[in-house]
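One structure is given here, and the rest of the page talks about it.
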2 protein chains.
Amino acid sequence: METVQLSRKDQIDQTATALFRTRGFAATSMRELAAALGMEAGSIYSHIRSKEELLHRICFRLAEDFFAGFDEASADDALPAAPRLRRAVESHVRVLTTDVAASAVFLHEWRHLSEPARTEFLALRERYEAGFRTLIAEGAAAGELYAPDPDFAALTLLASLNWLPTWYRPGGPLTPPDIAHRLANQLLFGLEVRS
Amino acid sequence: METVQLSRKDQIDQTATALFRTRGFAATSMRELAAALGMEAGSIYSHIRSKEELLHRICFRLAEDFFAGFDEASADDALPAAPRLRRAVESHVRVLTTDVAASAVFLHEWRHLSEPARTEFLALRERYEAGFRTLIAEGAAAGELYAPDPDFAALTLLASLNWLPTWYRPGGPLTPPDIAHRLANQLLFGLEVRS
DNA sequence: TACTAATCCTAACGTTCGTTAGCAAAGAAA
DNA sequence: TTTCTTTGCTAACGAACGTTAGGATTAGTA
């Protein structure tokens, strides 16, 4: 029964994601993972080919999610760059908060991918960041954004967002849309009151 | 001769820091570390007690550096909160850029500390972040800063800064003071042009 | 009923891990 | 010259690692 297999496989993926997040990929053993699933280590290999396959799936699935969200958020060419950037920020936060554990793995554990997956992953990441750079550069060129160095601004912007999985806990006082809105505001308007 | 011993020990610390940064603490073996130092794995134990001692020293040394910098930056009570915050940001960036590898380890590998070091470390970190929260809250109360939620603002501020070790490479086009200045500007003034 | 696919087990494989014991060389201090 | 400290080696320890082989059980399909 295919759905059952997929369901069990998804269960393994999910448990692995949680463990990779809290203990790190290298420090998580297959026996730990098996114990968390209520099974024996050898049994996992009825469902997966290798430990790294788990990491691979997590990282590349999230990459897809980020791309899909960004493309949708920035697609409307009629809109000025600034609101499109705001929507892209909100999309990024939405993906991050939808699966915090997977996001944390995506952000921190990708270096344990072996070649050529590692290089492929970094290329995707670079392409994604380039999307933000372009958006900010457009906004700066149009006078909508103050960004003397769009590359630097994009770096800082994504930095603020990507730290989120280290502190965000679902069920806290702030809902994901709240967080997205506040982050976008703080990053676009800054902290200091201007005269 | 004590200085020679310390020098060799420091060499081990430094090499360990670089390896822990790029490969992660758990994925770095003592044999790898020894090879990078041109010695055998067993020989390292003439200088250290355990692998974790290396991590412990790295993490807690950096914690001290951050505290010393912050205390100096925020000490001047005569100054308004906003410029003190700016100086604290610049100090944080200075510590990060002075030893990027150690900073990356400090930020990402501390979870491999075992108890009670781990709890002790987290308490230090919390105390440091509280310093920023207080500074931002003071600035907001005095009307110098726009921060409806100082805790949230502090989180985002440190997030932007702490991502730095993932992209900064010494010898790039930007000097550390440049970076500090730009980051402080972007975080305090934001991106969006106001009318 | 017979067959197939899914699921999990036990037992073990070869490898690598952090660490230790015991010994040796080499230079500084006495 | 003797002594001590520093530094490093080889060899090995027990434990844990990812993974595999081969078999058992179960449930759905034909």
Side-chain angles (χ1 to χ4, degrees), chain A residues 1-59 105 109-118, chain B residues 1-59 105 109-118:
Chain A
M1 196 191 293
E2 199 179 355
T3 55
V4 170
Q5 182 200 2
L6 286 179
S7 165
R8 192 48 165 159
K9 204 173 179 178
D10 286 352
Q11 220 175 329
I12 294 174
D13 278 1
Q14 194 175 318
T15 309
T17 304
L19 284 174
F20 291 170
R21 186 238 190 130
T22 53
R23 312 178 63 93
F25 174 78
T28 302
S29 74
M30 294 304 281
R31 285 167 179 84
E32 257 182 290
L33 173 57
L37 284 158
M39 61 199 299
E40 295 299 317
S43 310
I44 301 183
Y45 288 85
S46 300
H47 305 274
I48 66 164
R49 249 184 299 270
S50 69
K51 186 187 177 187
E52 185 173 335
E53 190 195 280
L54 289 168
L55 180 61
H56 189 282
R57 199 163 30 240
I58 297 167
C59 289
V105 173
E109 304 298 327
W110 56 265
R111 12 187 207 126
H112 297 109
L113 290 169
S114 51
E115 298 296 350
R118 192 187 142 110
Chain B
M1 193 190 291
E2 198 178 356
T3 55
V4 169
Q5 182 200 1
L6 286 179
S7 165
R8 193 49 167 159
K9 202 172 180 180
D10 285 352
Q11 219 174 329
I12 293 174
D13 278 1
Q14 195 175 317
T15 308
T17 303
L19 284 174
F20 290 171
R21 184 235 191 135
T22 54
R23 313 179 59 94
F25 175 77
T28 302
S29 74
M30 294 304 281
R31 284 166 179 87
E32 258 182 288
L33 173 58
L37 286 159
M39 60 198 301
E40 295 298 318
S43 310
I44 301 182
Y45 289 85
S46 299
H47 305 274
I48 65 164
R49 247 184 300 269
S50 70
K51 185 186 177 188
E52 185 172 335
E53 190 194 281
L54 290 169
L55 180 62
H56 188 282
R57 198 164 30 240
I58 298 168
C59 289
V105 173
E109 304 298 326
W110 55 266
R111 10 184 208 127
H112 297 108
L113 291 169
S114 51
E115 299 296 349
R118 191 187 142 109

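By convention in this document, chain letters (A, B, ...) are assigned in the order of the sequence lines, proteins followed by strands, and residues within each chain are numbered from 1.
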Worksheet entry | Under 4.0 angstrom between B:Y45 side-chain N/O and C:dT20 OP1 or OP2 | no
Rounded to whole Å, the NE2-P distance (A:H56 to D:dG18) equals 19 Å
From CD1 of B:I44 across to P of C:dA21 the rounded distance in Å is 17 Å
note: B:F25, atom CZ; C:dC17, atom C1'; distance rounded to Å ~ 12 Å
For C:dA6, does either OP1 or OP2 sit under 4.0 Å from a side-chain N or O belonging to A:H47?
no
D:dG8 phosphate, OP1 or OP2, under 4.0 Å from B:R8 side-chain N/O: yes
dist A:E109:CD -> A:F20:CZ (nearest 0.5 Å) comes out at 8.5 Å
When rounded to whole Å, the CE to C1' distance for the pair B:M39 and C:dG18 reads 15 Å
In whole angstroms, the gap separating C1' of C:dC8 from CD of A:Q11 amounts to 13 Å
* Going by an N to O cut-off under 4.0 Å, is there a salt bridge joining A:E40 and A:R31? -> no
Closest to the side chain of A:M30, out of D:dT7, C:dG18, D:dG18, is D:dG18
Here the distance between atom C1' of D:dT6 and atom CD1 of B:I12, to the nearest Å, is 12 Å
Sorted by position of nearest nucleotide on DNA chain D, 5' first, the leading residue of B:A41 and A:E32 is B:A41
Quick note, A:S29 side chain, CB onward, closest among D:dC9, D:dC17, C:dT19 is D:dC17
Between A:R31 and A:E40, whichever has its closest DNA chain C nucleotide further toward 5' is A:E40
Item checked: Sub-4.5 Å side-chain heavy-atom contact between B:L54 and B:T17 -> no
Of the candidates C:dC9, C:dG18, D:dG8, the side chain of A:S43 sits closest to C:dC9
| field | Note: A:R23-A:E32 ion pair, threshold 4.0 Å (strictly below) | value | yes
note: B:L33, atom CG; C:dT16, atom P; distance rounded to Å ~ 18 Å
To the nearest angstrom, the CG-P distance between B:L37 and D:dG8 comes to 9 Å
inquiry  = Quick check with a 6.0 Å cut-off and a 45 degree axis cone: is A:K51 positioned over the face of A:F25's six-membered ring?
reply    = yes
